[in-house]
Enquirer: 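Structure in structure tokens, see below.
In this chain, numbering begins with 1 at the start of the sequence shown.
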Amino acid sequence: MEEKVKSGKEILDDFFGNIDKIENVDPKVAQILNELYKDGKLTDTNVKNGLQTLRETDVDKD
């Protein structure tokens with residue numbers, strides 16, 4: 001019986017598709033990372049900018 005090996009892209013698709021289900025992962029952070037991955041814009045700069053925007057949004061709510 002032959003077992004199918006997932007490609008790197010399939011592994012990443014699964015990971016980012018289910019990142020919000022990982023214990024202790026903030027849903028808003030998961031959403032930002034998932035959207036950046038889907039858009040092909042998952043870079044350190046875009047992640048930093050997304051997290052900064054999230055921080056500013058949360059501070060404004062207080």
Enquirer: Do you know which two heavy atoms are closest between V25 and A30, and how far apart they sit?
Expert: CG1-CB, 3.9 Å

Enquirer: Do I11 and I19 belong to the same hydrophobic cluster, where Ile, Leu, Val, Met, Phe, Trp and Tyr are linked whenever their side-chain heavy atoms lie under 4.5 Å apart, directly or via other members?
Expert: no

Enquirer: Return the CD to CG distance between E35 and L42, rounded to the nearest 0.5 Å.
Expert: 12.0 Å

Enquirer: Find the distance between NZ (K9) and CG (D14) and round it off to the nearest 0.5 Å.
Expert: 10.0 Å

Enquirer: Under the ring pair (Phe, Tyr, Trp, His ring centres under 6.0 Å) definition, can you give me all pairs with a residue in residues 12-34, not counting sequence neighbours?
Expert: F16-Y37

Enquirer: Side chain to side chain donor-acceptor pair (under 3.5 Å) with K4: which residues, sequence neighbours excluded?
Expert: E10

Enquirer: Look up atom CG in L36 and atom CG in N46, then write down how far apart they are to the nearest 0.5 Å.
Expert: 5.5 Å

Enquirer: In Å, rounded to the nearest 0.5 Å, how long is the span from CD of E56 to CG of L51?
Expert: 11.0 Å

Enquirer: Give, for atom CG of D26 and atom CG of L54, the distance between the pair rounded to the nearest 0.5 Å.
Expert: 6.5 Å

Enquirer: Just do the side-chain contact (heavy atoms from CB on, under 4.5 Å) check on D44 and K48 with the steps written out, would you?
Expert: CA-CA 6 Å; D44 61 337; K48 289 175 189 176; 4.2 Å; yes

Enquirer: So how far is it from S7 OG to D13 CG, rounded to the nearest 0.5 Å?
Expert: 7.5 Å

